[in-house]
Each structure stands twice: as structure tokens, then as C-alpha cells.
Trainee: 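Shown below is the structure under consideration.
This structure is a prediction, so every number in the text was calculated from the model and none was measured.
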Amino acid sequence: MSYWLLKSEPDVYSFDQLLAEGETVWNGVRNNAARLHLRAMNVGDEALFYHSNIGKEAVGLCRISREAYPDPTDESGQWVAVSVQPIRKLARPVTLAAMKAEPALAEFQLIRQSRLSVVPVRDDEWTTILRMAG
DNA sequence: GCCAACGTTGGC
DNA sequence: GCCAACGTTGGC
């Protein structure tokens, strides 16, 4: 099983909306590195739901419920989407500032490459972040 | 194939 | 609102 982090601007789509809906299509990714990550996802993989721009914190956990398929919002057929379901909110959100201050996350790609919207999370990084979330 | 110009993302 | 990082486009 692999771990990931998915970014969303909460005024566009928030974790609360995902909790309310039960499942969503993670579409609109138009970056090649992010596409490779989407393609590498398996059903059952877990992901942190991160609020970018507003909040700048990981707020919840979700699960990949359907592996990569053609993005319904992409007419060219080149881009892919996955489906995700919520698992639970984090007891305490983990802010970007807190992650930057954590030595164990020095190599975390969220920090290293801030523009990437789909980020792989190593096992040890996952453990660290969940511990920070209480 | 190189590189300047430009657009987008996202933190500050 | 600004800027850094990065990706893409297009002229040569």
C-alpha cells in the first residue's frame, strides 16, 4: 500500500464537502508528474487531504476508491482521474509550517516541490504526520 | 535543440 | 499583491 497527499483549495472543494458526498472524482490534474502519481495509485491506498492557499494544512484522510481512468473533464483523453472516499478528519490539522519545522519531513516532496498537486508520501513521513495529527 | 517569454501554482 | 518555482510555448 502506498501513501499520497492530494491538494485542494478549500473554497473550490473542501474536505467537509468530501465527507458530505462520500466520494468524489479527483479530476482536473494537468501536470505530468502529478499524472504519473495518479497512475501509480491503487485502490485502498490512503491519502492526506491538504487545503492549499487557505489553511495550508492537512485536514483529513481519504482512500483511493477507483484507480486511474480517463478524466471526464478532459476532451483530449490524455489526462486521468481517480476516485476518492473520505476516511476521517484529523484530530488536529497539520500545518505546512509545522511540517517545515519537522526535521523528519525535510525531504517531503510537498515542501521540496510546492507546486505539485499530487504528492507521494513515504511510509516514515506518513507515520510522522499522523503522529503530529494526534 | 536551445532559450526567452509567458502562464500557473501556491506560499508569504 | 508580490514573487519564486516550474512547466509550456514558440521563434530561431
Trainee: Can you tell me how far C1' of dT9(B) sits from CD1 of I111(A), to the nearest Å?
Mentor: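 That distance rounds to 17 Å.
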Trainee: Could you give the CG-to-P distance, from L110(A) to dT9(B), as a whole number of Å?
Mentor: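 For the pair L110(A) CG and dT9(B) P, the rounded distance is 16 Å.
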Trainee: Could you state the atom-to-atom distance from CD of E9(A) to C1' of dT8(B) in whole Å?
Mentor: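 Going from E9(A) (CD) to dT8(B) (C1'), I get 11 Å.
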Trainee: Rounded to whole angstroms, how far apart are CG on L96(A) and P on dG10(B)?
Mentor: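 These atoms are roughly 12 Å apart.
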Trainee: Answer whether the closest heavy-atom distance between the side chains of V84(A) and L6(A) falls below 4.5 Å.
Mentor: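 Touching, per the 4.5 Å side-chain cut-off.
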Trainee: Do the numbers put R66(A) on top of the ring of Y69(A), so that NZ or CZ is under 6.0 Å from the six-membered ring centre and no more than 45° off the axis?
Mentor: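 Yes, R66(A) sits over the ring of Y69(A).
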Trainee: Can you tell me the distance, in whole Å, between the CG atom of N32(A) and the C1' atom of dT8(B)?
Mentor: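 Going from N32(A) (CG) to dT8(B) (C1'), I get 16 Å.
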Trainee: Check whether the side chains of D74(A) and S76(A) place a donor and an acceptor atom closer than 3.5 Å, and report yes or no.
Mentor: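 Yes - a donor-acceptor pair under 3.5 Å links their side chains.
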Trainee: How would you list, by chain and number, every residue that makes a side chain to side chain donor-acceptor pair (under 3.5 Å) with S65(A), sequence neighbours excluded?
Mentor: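 Partners of S65(A) by the side chain to side chain donor-acceptor pair (under 3.5 Å) criterion, ordered by chain and then number, come out as E23(A).
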Trainee: Taking the six-membered ring for Trp, is the centroid-to-centroid distance between W26(A) and F49(A) below 6.0 Å?
Mentor: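 Between W26(A) and F49(A), the centre distance is under 6.0 Å.
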Trainee: Please confirm whether the shortest side-chain N or O distance from K7(A) to OP1 or OP2 of dG10(B) is below 4.0 Å.
Mentor: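 Answer is yes, contact under 4.0 Å.
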Trainee: Can a side chain N or O of Y50(A) be found less than 4.0 Å away from OP1 or OP2 on dT9(B)?
Mentor: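 Negative; the distance criterion is not met.
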Trainee: L116(A) CG to dT8(B) P: how many Å, rounded?
Mentor: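 L116(A) atom CG is separated from dT8(B) atom P by 18 Å.
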Trainee: Taking CZ from R112(A) and P from dG10(B), how many angstroms apart are they, rounded to a whole number?
Mentor: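 Value for this atom pair: 19 Å.
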Trainee: What string of B, S and - do you get for nucleotides 1-6 of chain B 5' to 3' if you count protein non-hydrogen atoms under 4.0 Å?
Mentor: ------
Trainee: Is there a side-chain contact between L90(A) and L61(A), using heavy atoms and a 4.5 Å cut-off?
Mentor: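 Side chain of L90(A) against side chain of L61(A), heavy atoms only: contact under 4.5 Å found.
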Trainee: Whether Q113(A) contacts dG11(B) is assessed here as follows: a side-chain N or O lying under 4.0 Å from the phosphate OP1 or OP2. Is that the case?
Mentor: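 No, outside the criterion.
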Trainee: Kindly point out which of dG10(B), dC12(B), dT8(B) is positioned nearest to the side chain of R115(A)?
Mentor: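 Side chain of R115(A) sits closest to dT8(B).
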Trainee: Does the side chain of R30(A) pick up a donor-acceptor pair with the side chain of T73(A) at under 3.5 Å?
Mentor: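 Result is yes, a qualifying pair exists.
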Trainee: Between dG10(B) atom P and L6(A) atom CG, what is the distance in whole Å?
Mentor: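 Rounding to the nearest Å, CG of L6(A) and P of dG10(B) are 12 Å apart.
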Trainee: Looking only at side-chain N and O atoms, does K100(A) come under 4.0 Å of OP1 or OP2 in dC12(B)?
Mentor: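 Looking at the OP1 and OP2 atoms of dC12(B), one of them is under 4.0 Å from a side-chain N or O of K100(A).
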